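Everything below concerns the one structure shown next.
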Amino acid sequence: MKKIIKNGTLVTAADTFQGELLIEDGKITQIGSNLSAVGAEIIDAKGCLVFPGGIDPHTHLDMPFGGTVTKDDFETGTIAAAFGGTTTVIDFCLTNRGKPLKNAIQTWHEKAKGKASIDYSFHLMISEINDDVLNELPQVIDEEGITSFKVFMAYKNVFQADDETLFRTFVTAKELGALVMVHAENGDVIDYLTNKALKEGNTDPIYHALTRPPELEGEATGRAARFAGLAGSHLYVVHVSCADAAERIAEARSKGYEVWGETCPQYLVLDQSCLEKPNFEGAKYVWSPPLREKWNQEALWNALKSGTLQTFGSDQCSFDFKGQKELGLGDFTKIPNGGPMIEDRLTILFSEGVKKGRISLNQFVDLTSTRAAKLFGLFPKKGTIAIGADADLVIFDPNAERILSAKTHHMAVDYNAFEGMKVTGEPVSVMVRGEFVVREKQFVGTPGSGQYLKRAKYNTPLAESERLSI
Ligand code: URP
Ligand code: ZN
Ligand code: ZN
């Protein structure tokens, strides 16, 4: 059925204007005013903003990690994402050394199938480069449409890849048209510091942060950027948490290296002192990279505003406090790393960023949707409001005030990292391909209706305009 969204303020990464949208067969087919409403359902967006659906480029749903499995899977995770205004997630597919990549991808398809209520795609983890991997990667790109590879520079003896693997991944990605993403922390030095802390009897959650200092994130970020530059390749740094890493990205971009950066809600709002909460509650705030001293937040806001960082991911990786985070009682290295962020991503950036005058409304749309669509080969089908684009849309009340809480969130976890925080702005209704998933704050979607998205190859010319803005 045709739908017309009327009376809303349409916002893209470039423009803000009053307008109506006609939606037919899941696509936006007209943008204008006084559109003919014959046979169409009228949706009144009075007083609301209408954004392109959020694209979360960084999620871990149903992922085994830290001796357990993330609490949110593709069912609960994508429902929570939809409530938060996200209509596409790109999840990280973990691979196993010595095993075909296609097995891992198959496993991830099975995790999502029949469960996702919004559209989804996968990044592929690379932990080794050998003939088998090199033979398989072209199919990964052409048949699966997976055009981004993830390399971990930390988590020694688990996911960490060595420098040769990282460098060869840049070379290979450049040849194949893929974007390399890194978790940038120096895993070897962290391993030394964590063992030392444990030997000295320092087992509390705060030592997670103290053994992963910002210098080690800055160093790894700078190293990855130099490798990318040397290989003539391109780099996307996930979850930038501190000034040191943002400075390394700015430095690389000023040299003309094609380096992109993402930060996440937790690093803008929470800080290292959270890890000192009593009764082991600090474990709720264990992320890698860790939460930083508060002064870093201003540097991150400046990096978002200036374009040094271009995307805003959730790094959704949720574990219950009871039974999961508690695995690290008496040994901080056993606390599963990560937290629940998928639902509050847009609201946090809107409330703390747009409402407080730190970023513009158009920057907000770029950070939460458009730029990820461009970098990860989904644009212009996703990430904008344009004729021919998928009608993935968020009708957002910019004045709604509410308190974030585990009592009201839709994630499956038993805590909310922003518990008690007052925010302004709330998604009211959310559509994927023209169908409501959330309507008037009620879930009306169908698990399994989310579609797998094959993505286009990484498109380097986009970087030209970026360089001009440095
Ligand atoms: O602590 C985090 N970030 N957990 C998720 C895995 C990762 O490193 O992104
Ligand atoms: Zn990471
Ligand atoms: Zn992550």
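Whatever order the structure lists them in is the order used to number ligands and atoms, beginning at 1. Residue indices begin at 1 and follow the sequence shown. This one's a predicted model, so the numbers in the text were calculated from it and none came from an experiment.
- If you check which protein heavy atom lies closest to atom 1 (O) of ligand 1, you get S288 N, 2.8 Å.
- Neither the backbone nor the side chain of F92 comes within 4.0 Å of ligand 1, counting heavy atoms alone.
- Within 6.0 Å of CG on D131 lie no more than 12 heavy atoms contributed by other residues, nucleotides or ligands.
- The atoms of ligand 1 that sit less than 4.0 Å from any heavy atom of H60 are 5 (C), 6 (C), 7 (C), 9 (O).
- Side-chain atoms of Q272 and P290, non-hydrogen and from C-beta on, never get closer than 4.5 Å to each other.
- Residue contact check for ligand 1: Y155 places a non-hydrogen atom closer than 4.0 Å to it.
- When heavy-atom distances to ligand 1 are checked against a 4.0 Å cut-off, D315 comes that close only through its side chain, counted from C-beta outward.
- Side chains of D56 and Q316: a donor-acceptor N/O pair is absent below 3.5 angstrom, by distance only.
- Other residues, nucleotides and ligands contribute more than 12 heavy atoms inside 6.0 Å of the CZ atom of R402.
- Sorted by chain and number, the protein atoms of type N, O or S within less than 2.8 Å of the Zn ion (ligand 3) are H58 NE2, H60 NE2, D315 OD1.
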### Task
Check step by step if ring-ring contact (aromatic ring centres under 6.0 Å, His included) holds for F51 and F396.
CA-CA 7 Å; F51 301 139; F396 190 90; 5.2 Å; yes
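- With a 4.5 Å cut-off on side-chain heavy atoms, H183 and M153 do not count as touching.
- The distance between the ring centers of F364 and F350 falls below 6.0 angstrom.
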Name every donor-acceptor pair, under 3.5 Å, that has one atom in a side chain of residues 164-182 and the other anywhere in the protein, sequence neighbours excluded.
residue : atom : partner : partner atom : Å
T165    : OG1  : D162    : OD1          : 2.6
T169    : OG1  : T165    : O            : 2.6
T172    : OG1  : R168    : O            : 2.6

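- Annotation for ligand 1: atoms under 4.0 Å from non-hydrogen atoms of C317 are 4 (N), 5 (C).
- Among all non-hydrogen protein atoms, the one lying nearest atom 4 (N) of ligand 1 is N337 O, 3.2 Å.
- Residue contact annotation: H58 has a non-hydrogen atom under 4.0 Å from ligand 1.
- Remark: F418 engages no residue in a ring-ring contact (aromatic ring centres under 6.0 Å, His included) (not counting sequence neighbours).
- Residues meeting the side chain to side chain donor-acceptor pair (under 3.5 Å) test with N96, sequence neighbours left out: none.
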